[in-house]
Amino acid sequence: VQLQASGGGLVQAGGSLRLSCAASGSISSMHAMGWYRQAPGKEREYVALITSSSTTNYADPVKARFTISRDNAKNTVYLQMNSLKPDDTGAYYCAAASSLLLLRRGGRSVYWGQGTLVTVSS
């Protein structure tokens, strides 16, 4: 499974960005895809996920501001980020796993893409 993330950039607080994650390879068993992020000097943290049946889940800090969606025809997952805050700054990593539980755990059973950097200025 290969994951290609894109869409990061520099934005002012209150602005918006949309991240994309294109999946390829043996993805038929990847029933959950989502995003993690890592701020400078901090551990990687869970952001959001979506399952193959379009069930979504969000971390509390991003609820009501971020929206995750997927285009199955394009094997692509999106993360629409609105009302961005400086605390949202970090490298955002696309992730895929065979189940919602495994993706939430974020362990060795998760496939990771490269990070895309999001910087929110105050």
Side-chain angles (χ1 to χ4, degrees):
V1 175
Q2 293 81 44
L3 304 172
Q4 182 69 41
S6 61
L10 173 63
V11 64
Q12 289 187 332
S16 299
L17 281 175
R18 189 176 83 153
L19 305 183
S20 299
C21 174
S24 60
S26 302
I27 61 174
S28 60
S29 61
M30 296 295 110
H31 297 301
M33 292 184 66
W35 297 89
Y36 278 71
R37 67 186 182 186
Q38 186 169 19
K42 295 187 177 181
E43 293 187 353
R44 189 176 298 187
E45 65 175 4
Y46 166 73
V47 175
L49 68 79
I50 186 167
T51 69
S52 55
S53 59
S54 295
T55 297
T56 59
N57 181 267
Y58 299 91
D60 286 343
V62 307
K63 281 181 180 177
R65 298 189 298 122
F66 291 9
T67 302
I68 191 169
S69 61
R70 65 191 295 160
D71 184 334
N72 290 328
K74 296 182 179 180
N75 293 326
T76 299
V77 171
Y78 304 98
L79 185 67
Q80 178 66 42
M81 305 185 295
N82 299 328
S83 302
L84 283 162
K85 305 174 181 179
D87 284 349
D88 295 317
T89 293
Y92 282 68
Y93 296 90
C94 181
S98 59
S99 74
L100 178 155
L101 183 59
L102 287 175
L103 191 62
R104 279 293 283 114
R105 286 177 177 172
R108 289 183 294 177
S109 298
V110 176
Y111 291 89
W112 299 98
Q114 91 291 357
T116 185
L117 187 60
V118 172
T119 303
V120 184
S121 63
S122 58

ring-ring contact (aromatic ring centres under 6.0 Å, His included) pairs touching residues 51-70, sequence neighbours excluded, are none

Which heavy atom of [X] sits nearest a heavy atom of [Y], and at what distance?
X    : Y    : result
A23  : L3   : CB-CD2, 3.7 Å
N82  : S16  : OD1-OG, 2.9 Å
A97  : V110 : CB-CG2, 4.2 Å
L117 : G90  : CD1-O, 3.5 Å

Below 3.5 Å, can you tabulate the donor-acceptor pairs from side chains in residues 30-47 to any protein atom, sequence neighbours excluded?
| unit_1 | atom_1 | unit_2 | atom_2 | d |
| --- | --- | --- | --- | --- |
| Y36 | OH | L103 | O | 2.5 |
| Y36 | OH | R104 | O | 3.0 |
| Y36 | OH | G106 | N | 3.4 |
| R37 | NE | E45 | OE2 | 2.6 |
| R37 | NH1 | D88 | OD1 | 2.9 |
| R37 | NH1 | Y92 | OH | 3.0 |
| R37 | NH2 | E45 | OE2 | 3.1 |
| Q38 | NE2 | K42 | O | 3.0 |
| Y46 | OH | L49 | N | 3.3 |
| Y46 | OH | N57 | O | 2.9 |
| Y46 | OH | N57 | OD1 | 2.7 |

The salt bridge (charged side-chain N to carboxylate O under 4.0 Å, His left out) partners of K63 (sequence neighbours excluded) come to D60

Can you name the salt bridge (charged side-chain N to carboxylate O under 4.0 Å, His left out) partners of R105, sequence neighbours left out? none

Hydrophobic clustering (ILVMFWY, side-chain heavy atoms < 4.5 Å, transitive) - are I27 and I50 grouped together? yes

Membership question, hydrophobic clusters at under 4.5 Å side-chain separation (ILVMFWY): are Y93 and V120 in the same one? no

Return the set of residues passing side-chain hydrogen bond (donor to acceptor under 3.5 Å, both in side chains) with [X] (not counting sequence neighbours), or none when no residue passes.
X    : value
T51  : S53
S99  : none
S122 : none

How many angstroms lie between CG in L10 and CG in L17, if you round to the nearest 0.5 Å? 8.5 Å

Distance, nearest 0.5 Å, that separates CE of M81 from OG1 of T67: 11.0 Å

Under the side chain to side chain donor-acceptor pair (under 3.5 Å) rule, what pairs show up with a residue in [range], not counting sequence neighbours?
range            : result
residues 70-79   : R70-N72
residues 109-119 : none
residues 3-13    : none

Please list, chain by chain and in numerical order, all residues satisfying side-chain contact (heavy atoms from CB on, under 4.5 Å) with Q2, sequence neighbours excluded. S24

If a pair satisfies disulfide (SG to SG under 2.5 Å) and one of its residues is in residues 24-92, list it, with sequence neighbours excluded. none

